[in-house]
Amino acid sequence: MKASTKTLALGLALAIGSGVAAAQVIGKAEDQIRWRQSAMHTQAWSMGRIKANLDGTFNKDQVVEAANVIQAIANSKMGSLYQPGTDSGKGWKNTRVSKDYFSDRENLAKYGGAYVKEANEMAKVAAAGDAGAVKAQFGKLGEACKGCHDKFRQED
């Protein structure tokens, strides 16, 4: 299996796994924290792949693969992994989610909706293959990520 196919398979596995968690709320709190940390790290890696293509030689196929992974995770209903009891504890490392995530539903919907919108748009723009458009959309997606992180993630 090519490395790029493995990347997509991993992203889809995370999305499917998150969907199962949404349907059944399975796993202990530390499992849920670990799964969401894994998905976040996969998204960060995928963002890094897009950035590397924007900073270096642009490879449309690599950008499309990374954008599709981000889109799959964004639409996976991963929010179901933020159940009561997962506001503290350890997955791979201590969770950094702020307590506001569990109480500020209005802003959570605002930031989460913006992220899903920009992730979906990133996949569309990447598929078109215009490096300039990808760069502009990458900035919008990054701002959507940053907005949620600034509001709902505690710093180390």
Side-chain angles (χ1 to χ4, degrees), residues 1-22 27 30-82 86-87 89-98 100-101 107-156:
M1 185 183 296
K2 290 178 22 181
S4 59
T5 306
K6 288 180 184 177
T7 302
L8 183 56
L10 174 61
L12 292 174
L14 286 168
I16 291 166
S18 295
V20 170
E30 58 266 17
D31 292 335
Q32 292 178 34
I33 294 167
R34 190 176 305 112
W35 294 332
R36 68 189 192 217
Q37 288 171 344
S38 295
M40 292 294 182
H41 282 279
T42 301
Q43 289 180 102
W45 178 65
S46 297
M47 291 288 284
R49 289 184 71 204
I50 295 171
K51 183 164 180 13
N53 274 275
L54 292 171
D55 291 346
T57 302
F58 187 82
N59 180 311
K60 177 187 172 189
D61 292 338
Q62 290 179 9
V63 172
V64 167
E65 291 165 356
N68 287 343
V69 169
I70 293 166
Q71 181 186 38
I73 294 171
N75 288 283
S76 71
K77 307 296 185 210
M78 191 174 78
S80 65
L81 295 174
Y82 292 83
T86 67
D87 58 335
K90 186 173 183 173
W92 301 112
K93 59 185 179 181
N94 289 332
T95 185
R96 294 189 297 167
V97 66
S98 75
D100 290 343
Y101 184 94
N107 275 316
L108 181 59
K110 177 179 121 181
Y111 290 115
Y115 167 66
V116 171
K117 174 186 173 284
E118 300 303 344
N120 288 335
E121 189 62 24
M122 182 80 247
K124 289 179 193 173
V125 169
D130 180 310
V134 167
K135 183 175 183 174
Q137 184 56 35
F138 183 76
K140 292 176 185 177
L141 177 58
E143 284 299 313
C145 293
K146 183 180 181 325
C148 194
H149 288 190
D150 287 350
K151 181 72 178 159
F152 297 113
R153 185 178 71 176
Q154 299 174 34
E155 294 304 318
D156 287 329

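- Atom CG of Leu141 sits about 10.0 Å away from atom CG of Asn120, to the nearest 0.5 Å.
- With sequence neighbours left out, the side-chain contact (heavy atoms from CB on, under 4.5 Å) criterion links Asn59 to Asn53, Asp61, Gln62.
- When atom types are taken as modelled, the side chain of Lys60 and the backbone of Ala127 share a donor-acceptor pair closer than 3.5 angstrom.
- Residues Val125 and Asp130 are not in side-chain contact: their nearest non-hydrogen atoms beyond the backbone lie 4.5 Å or more apart.
- Nearest approach of Ala66 to Ile50, heavy atoms of both residues: CB-CG1, 3.7 Å.
- In this structure, the ring-ring contact (aromatic ring centres under 6.0 Å, His included) partners of Tyr82, at least two apart in sequence or on a different chain, are Tyr101.
- Here the closest heavy-atom approach between residue Phe152 and residue Asp100 is recorded as CE2-O, 3.5 Å.
- Between Ser98 atom OG and His149 atom NE2 the span is 11.5 Å, to the nearest 0.5 Å.
- With values rounded to the nearest 0.5 angstrom, Lys135 atom NZ is found 14.0 Å from Lys140 atom NZ.
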Could you walk me through whether Arg36 and Thr95 satisfy the side-chain contact (heavy atoms from CB on, under 4.5 Å) test, starting with their C-alpha distance in whole Å, then the side-chain angles of each, then the deciding distance to 0.1 Å, before giving a yes or no? CA-CA 10 Å; Arg36 68 189 192 217; Thr95 185; 3.1 Å; yes
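- In this structure, Arg96 CZ and Met40 CE are separated by 10.0 Å, a value rounded to the nearest 0.5 Å.
- Between the Gln154 side chain and the Val97 main chain, a donor and an acceptor come within less than 3.5 Å of each other.
- Tyr111 is not listed as a side-chain neighbour of Asp150, based on a closest heavy-atom distance of 4.5 Å or more.
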Pair Arg49, Val69 - check side-chain contact (heavy atoms from CB on, under 4.5 Å), show working. CA-CA 11 Å; Arg49 289 184 71 204; Val69 169; 5.8 Å; no
Check the pair Glu118 / Met122 against side-chain contact (heavy atoms from CB on, under 4.5 Å), numbers first and verdict last. CA-CA 6 Å; Glu118 300 303 344; Met122 182 80 247; over 6 Å; no
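- Of all the heavy atoms in Ile70 and Ser46, the pair that sits closest is CG1-CB, 3.6 Å.
- Heavy atoms only, all atoms of each residue included: Gln71 and Ala119 are closest at CB-O, 4.0 Å.
- In terms of heavy atoms, Val63 sits closest to Ala126 at CG1-CB, 3.8 Å.
- Looking only at side-chain heavy atoms (C-beta outward), Lys90 and Ile33 stay at 4.5 Å or farther from each other.
- For the pair Gln137/Lys124, no side-chain contact is recorded, criterion being any heavy-atom separation below 4.5 Å from C-beta on.
- Residues Met78 and Trp35 are not in side-chain contact: their nearest non-hydrogen atoms beyond the backbone lie 4.5 Å or more apart.
- When all heavy atoms of Leu81 and Thr86 are compared, the closest pair comes out as O-OG1, 3.8 Å.
- To the nearest 0.5 Å, atoms CG (Asn107) and SG (Cys148) are separated by 9.5 Å.
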